[in-house]
K.L.:
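Got a structure for you, written out below as C-alpha cells; questions coming shortly.
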Amino acid sequence: MTGTAKILTYIAFTLMALFGVVGGLFVAGYAFEDLSTWAAIGSTAAWLVPTVVLCLLALTRYSAVPTVFVVLTGLVAAFTLVDSSVGLVDQDALGPVAAIGVFALAVSLAVLGLRQASLAGLLLVVLGVVQLAATSIGFLGEWEAGGGPRLSALLTTSSGVVVVPLLFVGALFLVAGGLAHQSMRFWHHDLPPTARPAH
C-alpha cells in the first residue's frame with residue numbers, strides 16, 4: 001500500500017472511529033434518558049455487543065470475513081428499506097432500530113477497511129445511499145403534500161444523521177483502495193497445495 005493510501009486509510013478509520021464513539025454516546029444517552037435503567041442497559045448492549053464482535057471479526061484474517069460483511073450489508077440494507085416502507089419496527093417504542101443497525105455495521109466496516117479499503121469503502125457507500133433512500137421514504141407523504149424537510153434538515157434527523165459520515169468515509173476508503181490497487185473481490189479460491197504451480 002502506498003504512503004498516500006495508508007494516510008487516507010487511517011484518516012477514514014479515525015473519522016469513523018470518532019463518529020462511532022460520539023454516536024454511541026448519543027444513542028446510549030437517549031436510551032438512559034427515555035428508558036428505565038435495565039431497559040437502557042439491554043437496548044445499549046443489543047447494538048454495542050454485536051458491534052464489538054464484528055470489529056473483532058474484521059481484525060481476523062479468515063478468508064470468509066469479507067463475504068460475511070457483504071452478506072450482512074445486504075441484509076441490513078434490505079431490512080432498512082423494508083422497515084422504512086412498511087414500518088416493521090415501532091420507532092416510537094423502540095427508536096430508530098434500522099439506523100442504529102446501519103451505524104453499528106458501519107463502525108465495524110471501518111475496521112475492515114484497515115485491511116480491505118476498497119471493499120469496506122464500497123459497502124459504506126452502499127449503506128449510506130440505502131440509509132438516505134430509507135430516510136427519504138419516510139417523508140414521501142409530507143413531500144407529496146407540499147411539506148416535509150429540505151435535504152439539509154433531512155440529514156439531521158435521527159435516521160439521516162449517519163448518511164454523510166458513511167458516504168464521506170466510504171469515499172476515502174475507495175480512493176485509498178484505488179491508490180493501493182486493491183481488489184473488491186470478497187471471495188477466495190485457494191488452490192490446494194498439490195495444485196499450486198512449482199517455482
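Throughout, numbering of the chain's residues begins at 1 and tracks the sequence.
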K.L.:
Quick one: are Val162 and Phe19 in side-chain contact, heavy atoms under 4.5 Å?
P.N.:
yes
K.L.:
Using the ring-ring contact (aromatic ring centres under 6.0 Å, His included) criterion, which residues pair with Phe79? Sequence neighbours excluded.
P.N.:
none
K.L.:
I'd like to check Thr44 versus Phe32 (side-chain heavy atoms, cut-off strictly below 4.5 Å). Are they in contact?
P.N.:
yes
K.L.:
Compute the ring centroids of Phe13 and Phe173, then answer whether they are less than 6.0 Å apart.
P.N.:
no
K.L.:
What about Val164 and Leu167, same hydrophobic cluster or not, with Ile/Leu/Val/Met/Phe/Trp/Tyr joined at side-chain heavy-atom distances under 4.5 Å?
P.N.:
yes
K.L.:
Are Val52 and Leu54 linked, directly or through intermediate hydrophobic residues, by side-chain heavy-atom contacts shorter than 4.5 Å (ILVMFWY only)?
P.N.:
yes
K.L.:
Distance check, rounded to the nearest 0.5 Å: Leu123 atom CG versus Leu112 atom CG?
P.N.:
7.5 Å
K.L.:
Hey, could you give me the OG1/CG distance between Thr67 and Leu119, rounded to the nearest 0.5 Å?
P.N.:
8.5 Å
K.L.:
Could you check Leu172 against Leu174 for side-chain contact (heavy atoms from CB on, under 4.5 Å), going step by step and ending with a plain yes or no?
P.N.:
CA-CA 5 Å; Leu172 285 179; Leu174 282 173; over 6 Å; no
K.L.:
When you compare the side chain of Leu57 with that of Ser108, does any pair of heavy atoms fall below 4.5 Å?
P.N.:
no
K.L.:
Drop me the distance from Leu35's CG to Ser43's OG, to the nearest 0.5 angstrom.
P.N.:
5.0 Å
K.L.:
Is there side-chain contact between Leu124 and Met16, with at least one heavy-atom pair below 4.5 Å?
P.N.:
yes
K.L.:
Does some side-chain heavy atom of Ser118 sit less than 4.5 Å from a side-chain heavy atom of Leu122?
P.N.:
no
K.L.:
Taking C-beta and beyond as the side chain, do Leu127 and Thr73 meet within less than 4.5 Å on heavy atoms?
P.N.:
yes
